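Because only heavy atoms are used, hydrogens play no part in the values below, and waters and symmetry mates are left out as well, while side chains stay in. Positions are given from 1 along the sequence. All of these numbers come straight from a predicted model, not from anything done at the bench.
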Amino acid sequence: MASLYEQLAALDKSHVWHPFTQMRDYNNADPLIIERGEGVKLYDVLGRAYYDGFSSVWLNVHGHNVPELNQAITDQLGRVAHSTLLGMANIPAIELAEKLVRIAPAGLTKVFYSDSGATGVEIALKMAYQYWHNRGVYAKKSFITMNQAYHGDTIGAVSVGAIPLYHDVFRPLLFPSHVVPYPYSYRHEGGAVGAKEETLSAIQTILETRSDEIAALIVEPIVQGASGIIVMPPGTLRDIASLCRKYGVLFIADEVATGFGRTGAMFACDLEGVSPDFMVVGKGLTGGYLPVAATLATDEVYNAFYADYEEQKSFFHGHSFTGNPLGCAVALASLKLLEDRKIVEGVRVKADFVAAKLAALADRSHVGEVRQQGLMIGIELVREKASRRSYDWADRIGVRASLRARELGMLTRPLGNVVVFIPPLASTVGELEEMTNILARAICEATEGS
């Protein structure tokens, strides 16, 4: 008789289509099937333990199976699991909106809920377009985005995405965007200074000539995630925001990956004192428990939709589970833990520890660069260090390093040739030491041999 694992594996391969996964590869291997979580570890159905070295795709904050978060969901479940936000309200959604406004950059006063980062971005794009339309400015209907940007997988979010591997096949379905370089210092001949200048110059050139047709600029602030954890040179975000203000273009900050302490500040925008017109949050909003996202906007934006019924200026957009009480309740509990346990302040200390631990990796023959902002870390692996020559796609070097890390007891997922390390923010220094030891060993063995 087949074991439980064998039964589950067979059913998984027969029926589940996994995201961002080549299923031929997946079905030719033994799947990892998670049964439970405890603290910063996940346990599979065979009883093996793994550090959650990428926070279950960048969203876990406090660890797994957290009593306070579990209780928040249980308590709310005893009241009501869901009630629509269309034309009515619920208590957790109201309380969470007030809390988000209180901790967000100045000026963001309105909260529109959704269920994922992609839908939150979609909302920001549609709001930005309709803002101008409601004001009678009909020419402003295009967007500026960044090279290698990733903002989610809905059609609008993909339209402002610029990762060819993910997005090119869908181009015939998308609206066009103006693409400018994201400042990638390691791959720029002029280094950080040259990369920053190129980005700002490209934005200014477009705005000088076409600002009358551009509704908004969207950017992943400070850290561009899916492109390989690319960290902006200091001052770049602030200068981008200033250019948008100067030329009358709305500014959208996609904080889905960077929000709630991940970069060492509550939001990445806080690192440079930037207040956008829209800010999209998700992932860590609920501590990694339930799918809730939010798009925050200013009074200026909101007021363009505030009109008499017959003017038909309402924002006709929504989701069945918008403002779900269970999700909002656990988000409130997560934000309380962030404050009570001083998680954001702790990230700064832990980030310094991780940086010191990984410093030696920078000298390895196949490590091109170790990039870090807070507890967002990307380690770019190269075939040849001096020339910065990349590994070929077929080498699967990031995959090999990540699989070796799994064998050693830690889960992560690569971005091409970049190995990602994004641990839960609540990880202790001792846990971070063990995780970084595994990470370094896995990279060295994958690139240099055991």
Side-chain angles (χ1 to χ4, degrees), residues 58-62 66-124 127 252-262 265-270 275-299 301-302 315 317-344 425-426:
W58 312 7
L59 49 77
N60 190 278
V61 175
H62 308 288
V66 180
E68 293 88 345
L69 303 187
N70 294 355
Q71 192 63 51
I73 294 173
T74 302
D75 290 347
Q76 182 58 42
L77 193 59
R79 301 183 186 104
V80 62
H82 185 64
S83 173
T84 182
L85 228 58
L86 275 69
M88 53 197 293
N90 67 68
I91 294 171
I94 294 169
E95 293 177 343
L96 179 58
E98 186 276 334
K99 180 66 173 177
L100 287 173
V101 167
R102 187 145 43 92
I103 65 175
L108 294 168
T109 57
K110 305 298 181 184
V111 178
F112 196 103
Y113 290 111
S114 57
D115 52 10
S116 71
T119 55
V121 166
E122 197 90 5
I123 288 161
M127 279 184 176
I252 303 170
D254 178 354
E255 291 256 15
V256 173
T258 54
F260 305 106
R262 178 60 62 183
M266 182 60 76
F267 300 105
C269 284
D270 296 336
S275 292
D277 299 292
F278 300 92
M279 185 173 75
V280 184
V281 296
K283 288 193 183 294
L285 172 57
T286 66
Y289 263 58
L290 288 173
V292 177
T295 303
L296 280 70
T298 62
D299 281 341
V301 169
Y302 175 83
F315 186 55
H317 184 107
H319 301 275
S320 298
F321 283 93
T322 295
N324 173 255
L326 291 175
C328 291
V330 75
L332 281 163
S334 176
L335 292 175
K336 186 176 188 303
L337 285 184
L338 276 176
E339 290 184 355
D340 292 349
R341 298 179 179 178
K342 300 187 183 303
I343 295 292
V344 179
L425 303 188

State, with a plain yes or no, whether a side-chain heavy atom of [X] is found less than 4.5 Å away from one of [Y].
X    : Y    : result
R341 : E68  : yes
H319 : I123 : yes
P291 : F321 : no
D277 : I252 : no
L337 : V61  : no
L108 : S275 : no
F267 : V281 : yes
N324 : Y113 : no

How many angstroms lie between [atom1] in [X] and [atom2] in [Y], if you round to the nearest 0.5 Å?
X    : Y    : atom1 : atom2 : answer
I103 : M266 : CD1   : CE    : 4.5 Å
L85  : S114 : CG    : OG    : 11.5 Å
I94  : C328 : CD1   : SG    : 10.0 Å

(request) Output yes when a side-chain donor or acceptor of N90 lies under 3.5 Å from a complementary backbone atom of G323, and no otherwise. (result)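 Yes, N90 side chain to G323 backbone: donor-acceptor pair under 3.5 Å.
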(message) Between L96 and L335, is the side chain to side chain contact (heavy atoms under 4.5 Å, CB included) condition met? List the steps.
(response) CA-CA 9 Å; L96 179 58; L335 292 175; 3.7 Å; yes
(request) Check the pair K110, V101 against side chain to side chain contact (heavy atoms under 4.5 Å, CB included), reporting the backbone distance first and the verdict last. (result) CA-CA 7 Å; K110 305 298 181 184; V101 167; over 6 Å; no
(message) Distance alone, cut at 3.5 Å: any donor-acceptor contact between the side chains of Y289 and N70?
(response)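 The answer is yes; a qualifying pair exists.
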(request) Compute whether any side-chain donor of one residue and acceptor of the other, for Q71 and T74, lie under 3.5 angstrom apart. (result)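 The criterion, which ignores hydrogens and geometry beyond distance, is not satisfied for T74 and Q71.
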(message) Taking the basic N atoms (NZ, or NE/NH1/NH2) and the acidic carboxylate oxygens, is any pair closer than 4.0 Å for E98 and R102?
(response)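 Yes.
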(request) Verify side chain to side chain contact (heavy atoms under 4.5 Å, CB included) between Q76 and R79, making sure each step is shown before the conclusion. (result) CA-CA 5 Å; Q76 182 58 42; R79 301 183 186 104; 3.7 Å; yes
